[in-house]
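Notes follow once the structure below has been shown.
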Amino acid sequence: MEAKDSRLVTTWNNTLSHQHKQSVIFVLTNLGGKSIAALAQLYAIFVFSKIHTPAEASVIFLLLGYAIWFQVLELGLSQTLQNRFNSRKSGAPDVRLMILVHYALVLALAAFIVASPLLPRLFLPADHYAVDSIEFRAFSIGMALMIIATSNVILQRMLVVLNKGLAGNTLLILQSLASLAGLALYAHTAHPDVVVSVLIYIAPQVVINLPLVLNVARKMLLGRKRPRKDSLRAICHDAFAFWTLNVLSAVFLGADYYFSAHYLSSEQIVSYHFATRFFFLSFVIYYAFVQHQSRRLTPDAVRGGAPAILKMIRSSAIVGLASVACIYVAVIVLDDMHVFERLTSKNVIDHPLMLAAFIYFAVRVLRDVGVVTLSSAGIKSVPYKVYALEIALGFTLLTLTARKFGGVGILLSMAATCLVSTALLFYLFKKLISEHMNTSSPVTI
């Protein structure tokens, strides 16, 4: 009997050890994939700035800056399908159907974008970019590809749910490496074409995930038929709630590129993109850290103001602020050594703009840590209020400052908005703790 119990304990420990090992591998490959993607984006900036005119490079950078807005066309399905699949409300046939329905929708929208200038014109001002220009054509094609690529978010989430997260991370790494390889070869072309540049950099996001979509379609059409267990109406209802939150979050965070497109020159847009994309490296570091730290939070733990949670918030903020500061110092030092000028054959670093970006992203750290902590715990009411404030205040400040103060005005307006929203966020957080301590009944959020 004791031998049998010993074998059971050994088997259980081995299982836990395997699960821990798999978790560590997943986290490392996920961080590695995102880091490679960030490096690919930085490399793309140098290549495009060197081989293209400011007008051509600026339209690519605007396209990349608008990515956060295009991403909302994921429609909240990734989180919805994950939640409903984990709670056994949805089965594999429901997930496959929604993946294919979404893919059909984004394909149709992408075809409309390429065929008609109506939607791209909303993002590119007519006085800067003519509809018949090569820059406008490149933007339209890139916008279409990025919208198709929103399906990747759903596919990646489903792979994680099915314990195939490592395969999803491998796809992320492959598409980044493909972009890097394509850019490395194209950087030496004698006759650069902005449309080709867009295809080389963005198309791998679609092409590399296409076999996975085709495999889903094959299982849906040719595999063993299983009855669906969920209703389309219920899935769409849940997805709409997540989509609304995603839209509110994205509207403000992507607004800087909208105002840049309308009020900055091509040269200024190039410098603006350099300033903001460098700090994307710090974002990858601290955002992955705070997501990992807050992965098992519960509403009661947050409302209770547990010391461990407050310690987690402090440590996440310290990691974020340190990474932002390191990026700023590194860029300034490298620019003083004329490294960027040698790489791009242009003066692309604007020191006042870099300082404004440093201020904005330092404040963003505090805002992001608070939002991710509450969102991970399932407390949605506070982020809703924060996002609504950011949209109202942010667009007001940007409208007042963008035309007069250019990129510096845009970044300082974003920083001021985040500072106010962060103050509101932690005020509401403190209020939740106080209400929890002053009442014995659960607080309804």
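Here the structure is a predicted model, which is why all the values come from computation and not from measurement.
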Handout entry: Aromatic ring proximity, centroids under 6.0 angstrom, F70 and F123
Key = yes
Handout entry: Contact check, side chains of L39 and L180, non-hydrogen atoms, under 4.5 Å
Key = no
Exercise for the section: Go through F46 and F274 one step at a time and tell me if the ring-ring contact (aromatic ring centres under 6.0 Å, His included) criterion holds. Expected result: CA-CA 9 Å; F46 289 116; F274 263 92; 5.6 Å; yes
Handout entry: Flag side-chain contact, heavy atom, 4.5 Å: D193 against Y186
Key = yes
Completion exercise
CG of L334 to CZ of R342, rounded to nearest 0.5 Å, is 9.5 Å
Practice task
Identify the two heavy atoms, one from L77 and one from A239, that lie closest to each other, and give their separation to 0.1 Å.
Solution key: CD2-CB, 3.9 Å
Practice task
Evaluate the side chain to side chain contact (heavy atoms under 4.5 Å, CB included) criterion for residues I113 and I141: first the C-alpha distance (whole Å), next the side-chain angles of each, then the deciding distance (0.1 Å), finally the verdict.
Solution key: CA-CA 8 Å; I113 288 168; I141 293 171; over 6 Å; no
Exercise for the section: Apply the test side chain to side chain contact (heavy atoms under 4.5 Å, CB included) to residues I60 and E56: give CA-CA distance (whole Å), side-chain angles for both, the deciding distance (0.1 Å), then the verdict. Expected result: CA-CA 7 Å; I60 300 176; E56 292 171 340; 5.9 Å; no
Practice task
Please report the shortest heavy-atom distance between L425 and G370, naming the atom on each side.
Solution key: CD2-CA, 3.6 Å
Handout entry: Centroid-centroid under 6.0 Å between F136 and Y129 rings
Key = no
Practice task
Report, as yes or no, whether the 6.0 Å neighbourhood of atom OH on Y258 holds more than 12 heavy atoms from other residues, nucleotides or ligands.
Solution key: no
Practice task
I would like to know whether S315 and V319 meet side chain to side chain contact (heavy atoms under 4.5 Å, CB included); could you show each step before the answer?
Solution key: CA-CA 6 Å; S315 61; V319 169; 5.5 Å; no
Handout entry: pair S271-I349: side-chain heavy atoms closer than 4.5 Å
Key = no
Problem - Heavy-atom side-chain proximity of F252 to L393 below 4.5 angstrom - result: no
Exercise for the section: For residues T276 and L411, report the shortest heavy-atom separation together with the two atoms involved. Expected result: CG2-CD2, 4.1 Å
Practice task
Would you kindly say whether T417 and E390 are connected by a side-chain donor-acceptor distance under 3.5 Å?
Solution key: no
Practice task
Please report the shortest heavy-atom distance between A255 and L398, naming the atom on each side.
Solution key: CB-CD1, 3.9 Å
Handout entry: CA sep, side-chain torsions, deciding dist, call: V331, F340, side chain to side chain contact (heavy atoms under 4.5 Å, CB included)
Key = CA-CA 9 Å; V331 170; F340 303 125; 3.9 Å; yes
Handout entry: Check: V270 and I45 side chains under 4.5 Å, non-hydrogen atoms
Key = no
Handout entry: Side-chain (Q71) to main-chain (I68) donor-acceptor, under 3.5 angstrom
Key = no
Exercise for the section: May I ask you to check whether over 12 heavy atoms, not counting those of H262, lie within 6.0 Å of atom NE2? Expected result: yes
Problem - More than 12 heavy atoms of other groups within 6.0 Å of F240 CZ - result: no
Fill in the blank from the handout: Closest non-hydrogen atoms of Y360 and C418, given as atom of the first, atom of the second and distance, are CE1-SG, 3.8 Å
Problem - CG-OG distance between L62 and S266, expressed to the nearest 0.5 angstrom - result: 8.5 Å
Exercise for the section: Return yes when atom CH2 of W69 has more than 12 non-hydrogen atoms of other residues, nucleotides or ligands closer than 6.0 Å, and no otherwise. Expected result: yes
Exercise for the section: For the residue pair S323 and I327, establish whether any side-chain heavy-atom pair is separated by less than 4.5 Å. Expected result: no
Exercise for the section: State, with a plain yes or no, whether a side-chain heavy atom of I154 is found less than 4.5 Å away from one of V95. Expected result: no
Completion exercise
OG1 (T170) and CD1 (I208) are apart, to the nearest 0.5 Å, by 11.5 Å
Practice task
Report the distance from atom CG of L124 to atom CZ of F139, rounding to the nearest 0.5 Å.
Solution key: 4.5 Å
Completion exercise
Taken in chain and number order and not counting sequence neighbours, the residues that satisfy salt bridge (Lys or Arg N to Asp or Glu O under 4.0 Å) with D238 are R84
Fill in the blank from the handout: Partner of S151 under side chain to side chain contact (heavy atoms under 4.5 Å, CB included), picked from H102, Q156, Q205, is H102
Exercise for the section: Among F278, Y263, F61, Y257, find the one that has a ring pair (Phe, Tyr, Trp, His ring centres under 6.0 Å) with Y272. Expected result: Y257
Handout entry: R137 and its side chain to side chain contact (heavy atoms under 4.5 Å, CB included) partner, picked from V194, V131, V114, D132
Key = V114
Practice task
Rounded to the nearest 0.5 Å, what's the gap from CG on L75 to OG1 on T80? Could you check?
Solution key: 9.5 Å
Problem - 4.5 Å side-chain heavy-atom contact, Y103 and L210 - result: yes
Problem - From OG1 (T150) to CG (L73), nearest 0.5 Å - result: 6.0 Å
Exercise for the section: Measure up the F279 and F358 rings against each other and bin them: parallel (under 30°), tilted (30 to 60°), perpendicular (over 60°). Expected result: tilted
Exercise for the section: Provide the closest heavy-atom pair for G76 versus N246 in the form atom of the first, atom of the second, distance. Expected result: CA-ND2, 4.1 Å
